[in-house]
Amino acid sequence: MITFFSGGTGTPKLLRGVQRVMDRHEISVVVNTAEDIWISGNHISPDLDTVMYLFSGVLNTDTWWGIRNDTFTTHEDTKKMGIDEFVAIGEHDRAVHIARGEMLRKGMRLTNVTKILCDRFGVRENVLPMTDTEVNTLVKTDLGLIHFQEYWVKAKGALEIYEVVRKFTAPPAASEEVLAAIEASDVVVIGPSNPITSILPILECNGIKPAIKNKSVIAISPFIGDAAVSGPAAALMKARGFEPSSKGTLSCYNEFVDIFVQDIRDPINVPNSFRYDTIMIDEEKSTALAREILRLSKEC
Ligand code: GDP
């Protein structure tokens, strides 16, 4: 068994390959939920949705969010009613958010809700939210302290970030299912996700650090030089006081990582790292990298 720590783009690209080279029942994924948000009364969990849709084969892999060939009539109609859903939500996607919202309102744990939704989508991998309680990543900008989604989706990332803040009412704790998955795993893989908005929220959940302390941990960099492969990771790294690079990425995870992987094109040299082509532009590239990670995991 391998447990992967995932956000909603970089690691899912790796998981697309992992699905091809591992038995599905041997794959556990602990997914970031710090970007979750309620919109129009429904519960969006962008990273959980992406991982679930990927494993069920319905993910729109042009955008890495939403369901392929979804329609947006409700989204357009709500706009006409004066409701600004700043995230474009398709009909099929919305059904998931409605179902999740309903189950959460009834008091169910997000872990159980995720299991039910994954079963309905025919997902056989073990997909787990990092925690069952609410935690949000907020960023301090000239518009004040705003939800990360408002910064990245609504403001299209065109704001300076002065600070990254994690907001919660109770300190988030890893669920017992997450801890059991890690315990049952030989190796933990920190995928090439945004360290600040996707991976650190997982590592910050109570129980995670002691759980991975004695595990072999492989981490893959989402940076080439001083730029992320995509998305706002560089600005967030700077705002949190980390160098926006592979070196900075490793310093986020330093105390746990046994094997660090960076791209063959990366001009920043991290001593003792393994170098592969990590740009997963298609399924073949995802599968090739997944094969290398699986091989490394056997050497740990
Ligand atoms: P989010 O939840 O949508 O922000 O997605 P993640 O946190 O999972 O992934 C975002 C990170 O993935 C960005 O920092 C990118 O640099 C990285 N990324 C995206 N595609 C690739 C890729 O093909 N290779 C690598 N190495 N990193 C990637």
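Quick note: residue numbers are just sequence positions, from 1. Whatever order the structure lists them in is the order used to number ligands and atoms, beginning at 1.
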the protein heavy atom lying closest to atom 5 (O) of ligand 1 turns out to be Thr9 N, 2.9 Å
Please determine if Ala233 has a nitrogen or oxygen closer than 3.5 Å to a nitrogen or oxygen of ligand 1.
no
Considering the heavy atoms of Ser193, write down every atom of ligand 1 situated less than 4.0 Å from one of them.
6 (P), 7 (O), 8 (O), 9 (O), 11 (C)
Output yes when a side-chain donor or acceptor of Asp277 lies under 3.5 Å from a complementary backbone atom of Ile279, and no otherwise.
yes
With a 4.5 Å limit on heavy-atom distance, are the side chains of Pro129 and Val31 in contact?
no
Only one of Arg94, Lys79, Lys154 forms a salt bridge (charged side-chain N to carboxylate O under 4.0 Å, His left out) with Glu85, so which one is it?
Arg94
Has Asp70 got a side-chain atom pairing as donor or acceptor with His92's backbone, closer than 3.5 angstrom?
yes
If you measure every N/O of Ile279 against every N/O of ligand 1, is any gap under 3.5 Å?
no
Under 6.0 Å from the CG atom of Asp23, do we count more than 12 heavy atoms belonging to anything else shown?
yes
May I ask whether Asp263 places a heavy atom under 4.0 Å from ligand 1?
no
Do the side chain of Asn32 and the main chain of Met130 share a donor and acceptor less than 3.5 angstrom apart?
no
Atoms in ligand 1 flagged as close to Glu35, the criterion being non-hydrogen separation under 4.0 Å:
2 (O)
Ligand 1 contact on Ala228 by region, counting heavy-atom pairs under 4.0 Å
both
Proximal ligand 1 atoms for Asn194, defined as those under 4.0 Å from one of its heavy atoms
6 (P), 7 (O), 9 (O), 10 (C), 11 (C)
Contact (N/O only, under 3.5 Å) between Pro12 and ligand 1
no
From the options Ser286, Ser198, Gly231, Gly7, select the one whose nearest heavy atom is closest to atom 4 (O) of ligand 1.
Ser198
Are Val165 and Leu200 grouped together when hydrophobic residues (ILVMFWY) are joined by side-chain heavy atoms under 4.5 angstrom apart?
no
Is Lys285 close enough to touch ligand 1? Criterion: a residue heavy atom under 4.0 Å from a ligand atom.
no
Report yes or no: does a heavy atom of Gly191 sit under 4.0 Å from some atom of ligand 1?
no
For ligand 1, is any non-hydrogen atom under 4.0 Å from Met280's backbone (N, CA, C, O), its side chain (CB onward), both, or neither?
both
Protein heavy-atom partner closest to atom 9 (O) of ligand 1 - residue, atom, separation in Å
Gly10 N, 3.0 Å
Residue Lys140 excluded, over 12 heavy atoms near NZ under 6.0 Å:
no
Within a reach of under 6.0 Å around CG of Asn69, are more than 12 heavy atoms found that belong to other residues, nucleotides or ligands?
no
Is atom CD of Glu284 surrounded by more than 12 heavy atoms (other residues, nucleotides or ligands) closer than 6.0 Å?
no
Do Val139 and Glu163 come close enough that some side-chain heavy atom pair is under 4.5 Å?
no
Could you see which bit of Ser230 sits under 4.0 Å from ligand 1, with heavy atoms only: side chain, backbone, both or neither?
both
Among protein heavy atoms, which sits nearest to atom 2 (O) of ligand 1, and what does the distance come to when rounded to 0.1 Å?
Gly8 N, 2.9 Å
Say you draw a straight line from OG1 of Thr3 to CG of Asn126; how long is it, rounded to the nearest 0.5 Å?
7.5 Å
Just distances here: any N/O of Val229 and N/O of ligand 1 closer than 3.5 Å?
yes
Considering only heavy atoms of Ser221, which atoms of ligand 1 have at least one such atom less than 4.0 Å away?
26 (N)
Flag if over 12 foreign heavy atoms under 6.0 Å of CD, Glu183
no
Those atoms of ligand 1 less than 4.0 Å from some heavy atom in Asp47
2 (O)
Best match, Ile224, Asp282, Thr278: closest heavy atom to atom 24 (N) of ligand 1
Thr278
For the backbone of Val188 and the side chain of Ser185, can you confirm whether one donor and one acceptor N or O come within less than 3.5 Å of each other?
no
Within-cut-off N or O pair, Lys13 and ligand 1, under 3.5 Å
yes
Tell me the nearest of Pro46, Pro195, Ala34, Pro192 to atom 17 (C) of ligand 1, using heavy-atom distances.
Pro192
Given Ser6, Pro222, Ala227, which has its nearest heavy atom closest to atom 16 (O) of ligand 1?
Pro222
